[in-house]
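One structure is given below, encoded as structure tokens.
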Amino acid sequence: DVPSTSNTGRIAALSCGHTFHFDCVALWLYNSVNKECPMCKAYHSGPILKLHIECDLNHVANRFTDDQLSVAELLCNSSLDSAEQQEVQYRELETKMAALQIKLDETTGPLKTTEAKLRALYKKIALLEAQEKELSTLSVRHKVNIQGLNGALELKDRTIARLKAKLSERVAKLA
């Protein structure tokens, strides 16, 4: 049973072995959809292991040899340094991630606007194609009507020519 002192860190380890400040990793896992380690993205299963790191070596000096104390001191300091480094790295990654999110939003906004403009253009194209088809149909009908009118005009002209010829014959008989 290791007594708690002011130098004891609230360090936690995940199932993958990475260590973090307990409150930070607990909050991370609570908010994480996939329940993954912030460092290696491995799925975390089971409880968060709380590590008790005792850095006040005077308390346990009588239990260990000088060599063991040196190793324990190195381990203690490296664990704290590692946790602090990981926390700094985590904050740097959060900052980078926020900056990337801003860039993504800046890029996505114009893309969404362009996408909306393209959709509007596709609708206009579809409308123009429908109008073109309708005009083509009307054009064919008008050609048929014109052909019919031309045929009627030719018939009228032939009829007038025949009537003129008959009229000329009758005028010639009368004279």
Side-chain angles (χ1 to χ4, degrees), residues 1-140:
D1 201 4
V2 178
S4 176
T5 69
S6 62
N7 290 334
T8 300
R10 289 177 43 108
I11 306 298
L14 298 181
S15 54
C16 61
H18 285 112
T19 56
F20 304 91
H21 183 258
F22 180 84
D23 293 339
C24 294
V25 76
L27 182 63
W28 173 270
L29 289 173
Y30 178 77
N31 290 321
S32 172
V33 175
N34 298 325
K35 306 296 181 220
E36 60 190 19
C37 170
M39 294 295 287
C40 67
K41 305 297 182 206
Y43 176 75
H44 173 73
S45 60
I48 300 172
L49 301 174
K50 292 182 183 178
L51 303 177
H52 296 279
I53 301 174
E54 178 63 55
C55 292
D56 184 4
L57 296 176
N58 294 330
H59 176 74
V60 290
N62 60 350
R63 295 185 186 178
F64 299 99
T65 67
D66 287 340
D67 290 338
Q68 289 172 326
L69 282 175
S70 296
V71 169
E73 186 175 21
L74 284 173
L75 287 174
C76 176
N77 290 335
S78 68
S79 293
L80 284 177
D81 289 344
S82 176
E84 289 170 1
Q85 288 171 354
Q86 287 178 1
E87 190 169 336
V88 167
Q89 288 174 347
Y90 174 73
R91 294 204 192 296
E92 288 173 355
L93 287 174
E94 274 186 329
T95 303
K96 287 179 183 177
M97 190 169 70
L100 288 173
Q101 185 63 47
I102 290 169
K103 285 183 182 178
L104 179 65
D105 292 344
E106 289 171 352
T107 305
T108 304
L111 286 176
K112 287 181 180 178
T113 302
T114 303
E115 185 180 22
K117 288 178 181 177
L118 279 174
R119 270 190 253 118
L121 287 173
Y122 283 129
K123 285 181 182 179
K124 286 180 181 179
I125 288 171
L127 179 63
L128 288 172
E129 287 173 342
Q131 289 174 346
E132 179 186 30
K133 185 175 180 181
E134 185 178 339
L135 285 174
S136 177
T137 302
L138 288 174
S139 175
V140 168

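One-based numbering along the sequence shown.
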Ile48 and Ala26 have their tightest heavy-atom pair at CD1-CA, 3.8 Å

Just how far is it from atom CD of Gln131 to atom NZ of Lys124, taken to the nearest 0.5 Å? 12.0 Å

How long is the span from the NZ atom in Lys41 to the OG atom in Ser32, to the nearest 0.5 Å? 8.0 Å

Of all the heavy-atom pairs spanning Cys40 and Cys37, show the shortest one and how long it is. N-SG, 3.5 Å

Quick check: do Leu111 and Glu115 have side-chain heavy atoms less than 4.5 Å from each other? no

Donor-acceptor check, side chain of Thr114 to backbone of Pro110, threshold 3.5 angstrom: yes or no? yes

Just by modelled atom types, is the Leu29 backbone N or O under 3.5 Å from a matching donor or acceptor in the Lys35 side chain? yes

Determine yes or no for a side-chain-to-main-chain donor-acceptor pair under 3.5 angstrom, with Ser136 supplying the side chain and Glu132 the backbone. no

Can you tell me how far CG of Asp105 sits from CG of Leu100, rounded to the nearest 0.5 angstrom? 11.0 Å

What is the distance from atom CD1 of Ile125 to atom CG of Leu121, rounded to the nearest 0.5 Å? 6.0 Å

Distance from Phe20 atom CZ to Ile11 atom CD1, nearest 0.5 Å? 10.5 Å

Determine whether more than 12 heavy atoms belonging to other residues, nucleotides or ligands lie under 6.0 Å from atom NZ of Lys123. no

ring-ring contact (aromatic ring centres under 6.0 Å, His included) against Tyr90, all qualifying residues, sequence neighbours excluded: Trp28

Side-chain touch Leu104/Gln101, heavy atoms, less than 4.5 angstrom: yes

